[in-house]
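Notes follow once the structure below has been shown.
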Amino acid sequence: MRTVHRTTLVVALAASAALGGCGGSGLSTPPPVAAPSGAVATGVDPTPVGGVTEGPGVVVTAQNLEFQPQVVTVPANVPLTLVLDNRDQGIPHDIQVSDANGNVIVKSEIITGPQRLQIALPALAPGVYPFMCVVHPNMTGTITAQ
């Protein structure tokens, strides 16, 4: 009986290694979203919330009542998924992105940390777009599309 279990284990491990070498594991776990070409690394986990997103993703973390990173560079004319990662325990945050004239492009719902939220960010023309937390207006940053 033990020999059968060992043989089964060896066969299962060999099959797993063979599949891994071919680039497919057969698992349904979604891959992390790669940073878009030319994007500034955020220094936080870029894996989107809830699985694979449409287009590349960018993560902005709210922690200690500030955004990190405060300056994000993304490719112009590419729709993005913006992930708000609120790490402030028990503190509500949101994120609002505006154009140079102050017109709101996108505004998230308010989430109380710790919690993550995906926001669909439309393709941005080249330029600088300020973002802020409406709950805490001193929390600001910019997205540069180039």
Side-chain angles (χ1 to χ4, degrees), residues 5 8-146:
H5 288 292
T8 303
L9 179 59
V10 169
V11 169
L13 289 174
S16 175
L19 286 174
C22 293
S25 67
L27 299 178
S28 61
T29 304
V33 173
S37 176
V40 173
T42 61
V44 295
D45 177 14
T47 305
V49 178
V52 178
T53 61
E54 297 296 322
V58 175
V59 178
V60 174
T61 301
Q63 188 169 22
N64 300 322
L65 296 174
E66 68 179 18
F67 284 126
Q68 287 300 324
Q70 292 176 338
V71 176
V72 179
T73 302
V74 299
N77 304 312
V78 177
L80 300 169
T81 297
L82 177 62
V83 178
L84 172 60
D85 183 6
N86 182 355
R87 295 186 183 177
D88 280 336
Q89 177 71 39
I91 298 175
H93 293 300
D94 68 348
I95 191 165
Q96 175 177 293
V97 180
S98 302
D99 65 16
N101 296 319
N103 299 311
V104 175
I105 295 171
V106 67
K107 180 179 179 184
S108 76
E109 65 184 84
I110 297 171
I111 59 171
T112 301
Q115 190 171 330
R116 295 177 83 187
L117 176 70
Q118 289 187 70
I119 304 105
L121 189 60
L124 301 173
V128 178
Y129 300 84
F131 62 87
M132 66 178 285
C133 173
V134 175
V135 179
H136 303 99
N138 61 316
M139 293 177 61
T140 62
T142 57
I143 297 173
T144 300
Q146 57 185 23

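Please read these numbers as outputs of a predicted model, since none were measured by experiment.
- The side chain to side chain contact (heavy atoms under 4.5 Å, CB included) search around Ala76 returns Pro126, Ala145, not counting sequence neighbours.
- Leu124 has its side chain within reach of Ile105: a pair of non-hydrogen atoms, C-beta onward, lies under 4.5 Å apart.
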Pair up each side-chain donor or acceptor in residues 91-102 with any protein partner under 3.5 Å, not counting sequence neighbours, and list the distances.
unit_1 : atom_1 : unit_2 : atom_2 : d
His93  : ND1    : His136 : ND1    : 3.2
His93  : NE2    : Asp88  : OD2    : 2.8
Asp94  : OD1    : Val134 : N      : 2.7
Asp99  : OD1    : Asn101 : N      : 2.9
Asp99  : OD1    : Gly102 : N      : 3.0
Asp99  : OD1    : Asn103 : N      : 2.9
Asp99  : OD2    : Asn103 : ND2    : 3.2

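- The one candidate from Ile119, Thr73, Val74 that meets the side chain to side chain contact (heavy atoms under 4.5 Å, CB included) condition with Val58 is Val74.
- To the nearest 0.5 angstrom, Arg116 atom CZ is 9.5 Å from Leu84 atom CG.
- The minimum heavy-atom distance linking Val128 with Pro130 is given by the pair O-CD, 3.9 Å.
- Smallest separation of non-hydrogen atoms from Met139 and Ala62: CE-CB, 3.8 Å.
- The line from CD1 of Ile110 to CG of Leu117 is 11.0 Å long, rounded to the nearest 0.5 Å.
- Side chains of Ile143 and Leu121 form a contact here, defined as non-hydrogen atoms less than 4.5 Å apart.
- Note that the CG atom of Asn138 and the CG atom of Leu65 stand 7.0 Å from one another [nearest 0.5 Å].
- Among pairs with a residue in residues 110-132, those fulfilling ring pair (Phe, Tyr, Trp, His ring centres under 6.0 Å) read Phe67-Phe131, at least two apart in sequence or across chains.
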